Amino acid sequence: MIDPRLLREEPDLIRAAQEKRGLSGSVVDRALEADAARRAAIADFEHLRAEQKQLGKLIAKATGEEKVDLLARTKRLAADVKTAEATQSEAEQDWRDALYAIPNPAADESPAGGEDDYVVLSEHGTPRDFEAEGFEPRDHVELGRILGAIDVERGAKVSGSRFYYLTGAGADLELALVNMAMDQARSAGFITMIPPTLVKPRAMEGTGFLGQAADDVYRIEGQDTYLVGTSEVPLAAYHSDEILDGDTLPRRYVAFSPCYRKEAGSHGKDTRGIIRVHWFDKVEMFSYTTLEEASAEHERLLGWEREWLDKLELAYRVIDVAAGDLGLSAKRKFDCEAWVPTQGRYRELTSTSNCTDFQTRRLDIRGRFATEGGQPEVKPIATLNGTLVAIPRTIVAILETHQQADGSVRIPEALRPYLQGREVLEPVSGA
RNA sequence: GGAGGUGUCGCCUAGCCCGGUUUAUGGCGCCCGCCUGCUAAGCGGGUUGAGGGUUGUGCCCUCUCGCGGGUUCAAAUCCCGCCACCUCCGCCA
């Protein structure tokens with residue numbers, strides 16, 4: 001949720017922000033109207049209610065005929081109060097709906113425009129030149145089959161399209177990546193978490209996933225419960241309705257969890273292999289910090305993502321995602337995209353977003369901070385998230401990047417201790 | 001799933017039977033000040049959060065006792081539903 005005060009005082013800023021994302025500014029007018037209506041309704045109700053309470057006090061003291069008189073007066077008032085209260089709560093609901101429809105304004109630094117208007121911030125490593133090495137690279141599906149690591153056929157048989165089994169070396173690889181990622185995050189000071197992945201509407205809405213992203217969310221039939229598409233959801237909602245001690249910030253959590261996505265609207269895209277799937281496991285970093293520190297924290301999260309990709313010896317680039325391609329909650333987003341040899345292009349492997357106070361306002365998360373003068377101050381705080389490792393895409397990048405002419409795959413050195421010291425994944429026969 | 005119990009301002013706690021100076025009591029913690037020849041002890045004051053009004057910047061008002069309804073002129077208090085936690089039983093990995 002954007003700051004209601006900002007909307008009221010600087011509506012043109014929000015209009016400009018809508019335009020930068022390629023969205024209509026009409027929601028701004030709707031929200032302003034709703035705000036005015038809400039405030040009028042509040043004043044109306046509170047006025048009547050105050051009168052009612054005054055009379056109530058008199059009644060308590062009054063006796064005899066005087067009391068009868070007062071009771072008659074206030075009885076009529078009671079009905080008016082009830083009506084005014086209903087009007088107020090309706091107006092507040094309208095106002096909330098209008099506000100919730102407005103996304104976080106993009107950062108000044110974010111490029112304007114849509115999906116293709118990103119800016120490349122940096123490139124790291126060099127894509128392998130298979131032509132120079134004299135062999136045709138196999139894609140991850142083929143490598144997965146040869147290594148006995150990925151079984152997409154049986155995934156489809158049992159669960160449908162966009163499902164897979166990780167088998168043998170593939171399963172070992174996931175556990176190794178997860179443990180390595182957790183080790184990295186733990187030594188950076190993150191608290192390790194394994195969160196629930198079925199959540200109530202509050203958590204989903206509070207993190208901004210029931211807006212335009214709602215089509216991508218699995219809902220449990222007959223229940224007000226959702227499967228999360230990322231552990232960002234339970235990690236953000238973890239501190240909902242809490243006031244955190246400012247001294248404890250930043251709070252950094254790292255979670256391992258499965259993620260579920262309908263992938264609605266991506267029919268025909270990435271149908272081969274495990275680039276785009278309905279379920280995958282992920283290790284996610286999450287920070288709560290002050291609004292002042294949020295940008296610096298965002299850079300730190302990006303730094304940890306880069307450290308991770310460097311250790312996997314992947315070629316990748318970092319992009320500044322354009323305003324129109326940001327999620328509802330994000331003010332700014334960096335994606336790390338790894339080179340996928342058989343596709344001849346960079347594909348998103350990790351992503352980090354600065355959500356500022358957008359989620360904390362929805363989830364009622366604030367910080368209590370010491371002030372110069374005296375009494376501590378309660379203020380909104382910021383949340384940020386960043387992928388450390390999304391398993392399938394990382395496996396794709398590793399297999400394709402480090403494959404050898406005979407179909408084996410060299411294990412990056414940093415990962416070997418997590419794979420029983422293995423240096424190479426060898427083809428198996430009879431998958 | 002069944003039975004019983006509990007849910008009060010950061011934490012603990014009084015109030016609930018019997019509705020009305022309750023502006024929700026007290027303690028801890030925290031903040032400010034006083035006192036004090038050291039970071040102790042003591043004393044005084046402040047301290048839930050959200051929203052609206054006013055711009056007199058300090059004050060006024062409303063909401064907030066797990067959540068939602070209801071009864072009533074009036075609800076922390078009475079009634080109904082829901083949720084969470086605890087104890088016991090059942091079932092289960």
Side-chain angles (χ1 to χ4, degrees), chain A residues 1-9 31-100 194-206 220 222-226 234 237-249 251 258 288 357-381:
Chain A
M1 184 170 81
I2 61 166
D3 184 353
R5 228 165 277 272
L6 183 66
L7 172 76
R8 196 183 305 160
E9 285 160 17
L32 283 172
E33 278 169 38
D35 186 41
R38 160 182 159 270
R39 284 189 291 159
I42 287 172
D44 193 36
F45 163 72
E46 289 187 354
H47 185 79
L48 289 167
R49 179 69 176 147
E51 193 180 344
Q52 184 186 38
K53 287 178 73 169
Q54 290 298 321
L55 286 174
K57 276 182 187 161
L58 295 179
I59 287 168
K61 286 187 232 162
T63 50
E65 207 166 303
E66 192 190 358
K67 186 160 192 164
V68 175
D69 266 8
L70 284 170
L71 280 175
R73 265 177 71 193
T74 193
K75 209 153 193 167
R76 286 195 304 276
L77 189 59
D80 293 345
V81 168
K82 193 166 250 186
T83 311
E85 189 174 19
T87 306
Q88 181 194 333
S89 70
E90 209 172 298
E92 290 197 318
Q93 187 60 44
D94 286 350
W95 172 72
R96 210 195 69 128
D97 289 348
L99 267 189
Y100 269 36
I194 299 193
T197 50
L198 279 164
V199 300
K200 298 196 277 187
R202 173 91 194 285
M204 218 62 186
E205 188 173 54
I220 305 298
Q223 261 183 282
D224 238 359
T225 311
Y226 299 88
Y238 185 64
H239 285 301
S240 54
D241 300 319
E242 293 182 28
I243 299 175
L244 303 177
D245 183 346
D247 293 343
T248 66
L249 301 177
R251 289 194 187 214
Y288 294 81
D357 53 348
F358 191 85
Q359 295 177 329
T360 58
R361 282 182 188 277
R362 290 174 168 225
L363 291 166
D364 279 318
I365 304 168
R366 288 153 293 166
R368 181 176 274 114
F369 299 91
T371 56
E372 307 238 339
Q375 292 302 324
E377 185 187 6
V378 174
K379 291 190 301 188
I381 60 174

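Only a predicted model underlies this, so the values are computations on that prediction, with no experimental measurement involved. All values below were derived from every heavy atom in this structure, side-chain atoms included, with hydrogens, water molecules and symmetry-related copies excluded. Chain naming here is simple, since letters A, B, ... match the order of the sequence lines and numbering starts at 1 in each.
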Rounded [atom1] spacing from [N] to [M] in Å:
| N | M | atom1 | answer |
| --- | --- | --- | --- |
| C12(B) | U21(B) | C1' | 27 Å |
| U6(B) | A74(B) | C1' | 28 Å |
| C63(B) | C9(B) | C1' | 14 Å |
| C78(B) | U72(B) | C1' | 10 Å |
| G68(B) | A84(B) | P | 16 Å |
| U64(B) | G52(B) | C1' | 15 Å |
| C34(B) | A41(B) | C1' | 14 Å |
| G37(B) | G46(B) | P | 28 Å |

Counting only heavy atoms and a strict 4.0 angstrom limit, can you tell me which residues of residues 34-46 of chain A come near RNA chain B?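 Close to the strand are Arg38(A), Arg39(A), Ile42(A), Phe45(A), Glu46(A).
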Under the side chain to side chain contact (heavy atoms under 4.5 Å, CB included) test, residues paired with [X] that sit two or more places apart:
| X | answer |
| --- | --- |
| Asp3(A) | Arg5(A), Leu6(A), Arg361(A) |
| Leu32(A) | Leu7(A), Pro11(A), Arg15(A), Val28(A) |
| Ile220(A) | Leu198(A), Gln223(A), Thr225(A), Leu227(A) |
| Pro258(A) | Thr197(A), Tyr260(A), Trp279(A), Asp281(A) |

For residues Arg362(A) and Gln359(A), is any side-chain donor paired with an opposing acceptor at under 3.5 Å? no
Please report, rounded to the nearest Å, how far the [atom2] atom of [N] is from the [atom1] atom of [X].
| X | N | atom1 | atom2 | answer |
| --- | --- | --- | --- | --- |
| Glu85(A) | C61(B) | CD | P | 19 Å |
| His47(A) | G51(B) | NE2 | C1' | 18 Å |
| Asp364(A) | C67(B) | CG | P | 13 Å |
| Arg202(A) | C67(B) | CZ | P | 12 Å |
| Phe369(A) | C31(B) | CZ | P | 16 Å |
| Asp241(A) | A84(B) | CG | P | 15 Å |
| Glu242(A) | G66(B) | CD | P | 18 Å |
| Lys53(A) | C60(B) | NZ | P | 14 Å |

In Å, rounded to the nearest 0.5 Å, how long is the span from [atom1] of [X] to [atom2] of [Y]?
| X | Y | atom1 | atom2 | value |
| --- | --- | --- | --- | --- |
| Ile365(A) | Ile381(A) | CD1 | CD1 | 6.5 Å |
| Asp44(A) | Arg49(A) | CG | CZ | 14.0 Å |
| Glu46(A) | Lys53(A) | CD | NZ | 10.5 Å |
| Asp357(A) | Leu363(A) | CG | CG | 12.0 Å |

So Arg8(A), base contact, sugar-phosphate only, or nothing? Heavy-atom distance under 4.0 Å. sugar-phosphate
Please lay out, stage by stage, how Thr248(A) and Tyr288(A) fare under the test side chain to side chain contact (heavy atoms under 4.5 Å, CB included). CA-CA 10 Å; Thr248(A) 66; Tyr288(A) 294 81; over 6 Å; no
Could you list the donor-acceptor pairs under 3.5 angstrom formed between side-chain atoms of residues 73-92 of chain A and any protein atom two or more places apart in sequence or on another chain?
residue: Thr83(A); atom: OG1; partner: Ala79(A); partner atom: O; Å: 3.0
residue: Thr87(A); atom: OG1; partner: Thr83(A); partner atom: O; Å: 2.9
residue: Ser89(A); atom: OG; partner: Ala86(A); partner atom: O; Å: 3.2

Per-nucleotide protein contact string for nucleotides 68-75 of chain B (B base, S sugar-phosphate only, - none; heavy atom under 4.0 Å): ---S-BSS
Check whether any side-chain heavy atom of Asp245(A) lies under 4.5 Å from a side-chain heavy atom of Arg368(A), and answer yes or no.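 No. Closest side-chain heavy atoms not under 4.5 Å.
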Taking only Watson-Crick and G-U wobble pairs with both distances under 3.5 Å, what dot-bracket line describes RNA chain B, where [ ] shows pairs that cross earlier ones and | shows pairs with another strand? ((((((((.[[[..)....(.....]]]((((((.......)))))).(((((.....)))))..[[[[[..)....]]]]])))))))....
Those residues that, when tested against Arg8(A), pass salt bridge (charged side-chain N to carboxylate O under 4.0 Å, His left out) (two or more places apart): Asp35(A)
Run the salt bridge (charged side-chain N to carboxylate O under 4.0 Å, His left out) test against Glu205(A) and tell me which residues pass, sequence neighbours left out. Arg96(A)
Pairwise 5' ranking along RNA chain B for Gln54(A) and Glu92(A), keeping only the more 5' one: Glu92(A)
Measure all distances between protein nitrogen or oxygen atoms and nitrogen or oxygen atoms of nucleotides 48-50 of chain B, and list the pairs falling under 3.5 Å.
residue: G49(B); atom: O3'; partner: Arg366(A); partner atom: NH1; Å: 2.9
residue: G49(B); atom: O2'; partner: Arg366(A); partner atom: NH1; Å: 3.1
residue: A50(B); atom: OP1; partner: Arg366(A); partner atom: NH1; Å: 3.4

Among all residues two or more places apart in sequence or in another chain, which pass the ring pair (Phe, Tyr, Trp, His ring centres under 6.0 Å) test with Tyr100(A)? none
